Amino acid sequence: DTELRSVTFRGERITETPEAWSIERGAVQTEDLLLLADHLRYEASTGLLIAEGHIRLERPGLRLRCERLRMDWKQRTGEAWGLELELPPHWTLRADHVAFTSLKLWDFQRVELTACPEERPGWTARLSQLKVDLEGLATLRNFWLWLGPIPTYYYVPWAIYPAEAQRSSGLLPIRFSPSGVTGWSLAVPYYQTLGERADVTLSPEYHSRRGVLWGSEVRWHPEYTHQG
């Protein structure tokens, strides 16, 4: 391992010049951030870091994989190409390109988004652009829902969605079932906070053989010694 200021390097081969460090199959790490890649180059004077090949960028609440990355390590700003990002609570996002600021503001281009854990998810949302403030809202443009390889009529040209980790109102992950007693089904649940100690979830669900069915759940917690 080699340390420079608050940055720690390790790898199979480290080459040092007065201008930069080059690392093969290595890692760059600070107290709150870890970056692994096949090839790394770090310029200490500017904080510029360039990574290529099998990249993993991780910090609490963030896991990013990509094929190419260029960032200001000190300011936590930069851009990445060919990426996959895991977002709380259980979203997986793939995009051609992203520009980010402080690892909190993200601007994705040509996006596929899903909450399905399968390698071939039952549904995906395709967007031309997605801007995410991890402490605020996400802005979606040209949202188009696909069921497997089939596009649907569900299209939204523009929308906003709560992205912060704290409790807030908004759409929950879409649920899709390709078959069942009532045919295929699609649910688009909505979560609404009712103050600090109550909330309601509305769950309209479309079934191909029965039409729309409605469900709801109300929760309340009026006192620390009571709940419902």
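Owing to the predicted nature of the structure, the values given are computational and were not obtained by experimental measurement.
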Drop me the distance from [X]'s [atom1] to [Y]'s [atom2], to the nearest 0.5 angstrom.
X: L134; Y: W106; atom1: CG; atom2: CH2; result: 7.5 Å
X: F9; Y: S22; atom1: CZ; atom2: OG; result: 10.0 Å
X: T152; Y: L145; atom1: OG1; atom2: CG; result: 4.0 Å
X: L83; Y: E67; atom1: CG; atom2: CD; result: 10.5 Å
X: L34; Y: L57; atom1: CG; atom2: CG; result: 8.0 Å
X: R41; Y: L49; atom1: CZ; atom2: CG; result: 10.5 Å

So, for [X] and [Y], which heavy atoms are closest and what is the spacing to 0.1 Å?
X: Y42; Y: G47; value: CE1-O, 3.8 Å
X: M71; Y: F100; value: CB-CZ, 4.0 Å
X: I23; Y: R10; value: CG2-O, 3.6 Å
X: D38; Y: H54; value: OD2-ND1, 2.7 Å
X: G183; Y: S208; value: CA-OG, 3.2 Å
X: L130; Y: A138; value: CD1-CB, 4.2 Å

Taking atom CD as the centre, does Q75 end up with more than 12 heavy-atom neighbours from other residues, nucleotides or ligands that are less than 6.0 angstrom away?
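At most 12 heavy atoms, drawn from other residues, nucleotides or ligands, come within 6.0 Å of this atom.
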Return yes when atom CZ of R76 has more than 12 non-hydrogen atoms of other residues, nucleotides or ligands closer than 6.0 Å, and no otherwise.
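Counting other residues, nucleotides and ligands, CZ of R76 exceeds 12 neighbours.
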Taking I50 as the fixed residue, which of R70, H39, E43, R68 is the one that meets the side-chain contact (heavy atoms from CB on, under 4.5 Å) rule?
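Passing option: R70.
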S177 side chain vs S185 backbone, donor-acceptor pair below 3.5 Å:
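No, S177 side chain to S185 backbone: no donor-acceptor pair under 3.5 Å.
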Tell me if a side-chain donor or acceptor on T124 pairs with a main-chain N or O of T114 at a distance below 3.5 Å.
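No: the side chain of T124 does not pair with the backbone of T114.
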Sub-4.5 Å side-chain heavy-atom contact between [X] and [Y]:
X: L62; Y: L85; value: yes
X: L194; Y: W220; value: no
X: H207; Y: L213; value: yes
X: W21; Y: V28; value: no

Would a single hydrophobic cluster contain both [Y] and [X], if residues Ile, Leu, Val, Met, Phe, Trp and Tyr are joined by side-chain heavy-atom contacts under 4.5 Å?
X: V212; Y: L147; result: yes
X: L105; Y: L69; result: no
X: L113; Y: V188; result: yes
X: I150; Y: W123; result: no
X: W81; Y: V132; result: no

Can you say whether the rings of W144 and Y155 are parallel (under 30°), tilted (30 to 60°) or perpendicular (over 60°)?
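Rings of W144 and Y155: perpendicular, as their planes differ by over 60°.
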Parallel, tilted or perpendicular: which one describes the rings of Y154 and F143, with boundaries at 30° and 60°?
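If you compare the ring of Y154 with that of F143, the planes turn out perpendicular.
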Using salt bridge (charged side-chain N to carboxylate O under 4.0 Å, His left out) as the criterion, list what pairs up with D96, not counting sequence neighbours.
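Only R110 meet the salt bridge (charged side-chain N to carboxylate O under 4.0 Å, His left out) criterion with D96.
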Test log, rule side chain to side chain contact (heavy atoms under 4.5 Å, CB included), inputs V98 and V111:
CA-CA 10 Å; V98 65; V111 179; over 6 Å; no
Q109: side-chain contact (heavy atoms from CB on, under 4.5 Å) partners, not counting sequence neighbours
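Once residues adjacent in sequence are excluded, the partners of Q109 under the side-chain contact (heavy atoms from CB on, under 4.5 Å) criterion are H97, D107, Q129.
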For Y190 and V200, run side chain to side chain contact (heavy atoms under 4.5 Å, CB included): C-alpha distance rounded to whole Å, both residues' side-chain angles, the deciding distance at 0.1 Å, then the answer.
CA-CA 8 Å; Y190 178 81; V200 60; over 6 Å; no
In terms of side-chain geometry, is the basic nitrogen of E86 or R65 positioned less than 4.0 Å from the acidic oxygen of its partner?
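Yes.
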